[in-house]
Amino acid sequence: MIEKQVFFDAGGLKIEALVAEGKTDAGVVVTHPHPLYGGDMHNNVVEALVQAYQEKGFTTLRFNFRGVGRSEGAFDEGKGEQEDVRAAVEYLRGLGKTRVDLSGYSFGAWVNARSIENLSPVRRMIMVSPPVNFLDFSFLKTTVRLRLVVTGSNDDIAPPDMIREMIASWNPDAEFRIVAGADHFYWDRTGEIEAMVKDLLERENGEHPSSLE
């Protein structure tokens, strides 16, 4: 799929995004790592998530949080960023995507988790390296919409042991996958993340996302 640059409105701010439209009514919003540490929508893990969903026919929307790249505004410690996620979901809805996933990496996974309770259109959430050793996740209530959590065995920001304890309260039925030997940045290991996500989509959706009940 070919991505095109678009802008959408989030609380009066213009947010820069890349969209690739699939032919079904399924879409995904993909969020990036921490803006204050160089995170943006061109991150390697973000691109792996986008690629996995595109190969399964989803419309993908990745965007720069406020204050990043050409997005207006400034870093807002995760508060305004939730509005960015909500607006991204609504943008996909405006394209006719009635079945929307949230997929995020590191800080993006945290913002998604903070947002999901107020996003009824979202059917499923995937988190890669939720930064449990860096940011507070105590707010996250049990949600059956969390379907997959991935981290690296050497990820000190998203340690497997900490996540394993927390996932029991997040959703004990969610899959927990570990990329052996990978740290938080997944250098040369993003293909494994992509394969894990595609495997989940194939099993939950079949080959055609529009078949999701």
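Residues take their numbers from the sequence shown, with the count starting at 1.
The aromatic ring centroids of Phe134 and His184 lie 6.0 Å or more from each other. Aromatic ring centres of His32 and Phe65: separated by under 6.0 Å.
By the 6.0 Å contact criterion, NZ on Lys4 is open, its count of non-hydrogen atoms from other residues, nucleotides or ligands being 12 or less. Taking a 6.0 Å sphere around CD of Glu77, one finds it holds 12 or fewer heavy atoms contributed by other residues, nucleotides or ligands.
A salt bridge is defined here as a Lys NZ or Arg NE, NH1 or NH2 lying under 4.0 Å from an Asp or Glu carboxylate O, and Glu202 with Lys198 fails to meet this definition. Under a 4.0 Å N-O distance rule, the pair Arg203/Glu175 qualifies as a salt bridge. The pair Asp84-Arg66 meets the salt-bridge criterion, with a side-chain N (NZ, NE, NH1 or NH2) lying under 4.0 Å from an Asp/Glu carboxylate O. For Arg177 and Glu192, the salt-bridge test fails: no basic side-chain N is under 4.0 Å from an acidic carboxylate O.
Considering only heavy atoms from C-beta on, Tyr91 stays 4.5 Å or farther from Val29 through its side chain.
By the criterion of side-chain heavy atoms lying less than 4.5 angstrom apart, applied directly or through intervening Ile, Leu, Val, Met, Phe, Trp or Tyr residues, Val197 is not grouped with Met125; the two fall into different hydrophobic clusters. Cluster membership for Tyr53 and Val100, using ILVMFWY side-chain heavy atoms within less than 4.5 angstrom, is not shared.
Counting all heavy atoms, side chain and backbone alike, Asn112 lies closest to Ser103 at ND2-C, 3.5 Å.
The cationic atom of Arg114 (NZ for Lys, CZ for Arg) lies less than 6.0 Å from the six-membered ring centre of Trp110 and within 45° of the ring axis.
For the pairing with Glu81, the side chain to side chain contact (heavy atoms under 4.5 Å, CB included) check across Thr31, Val111, Val68 returns one residue only, Val111.
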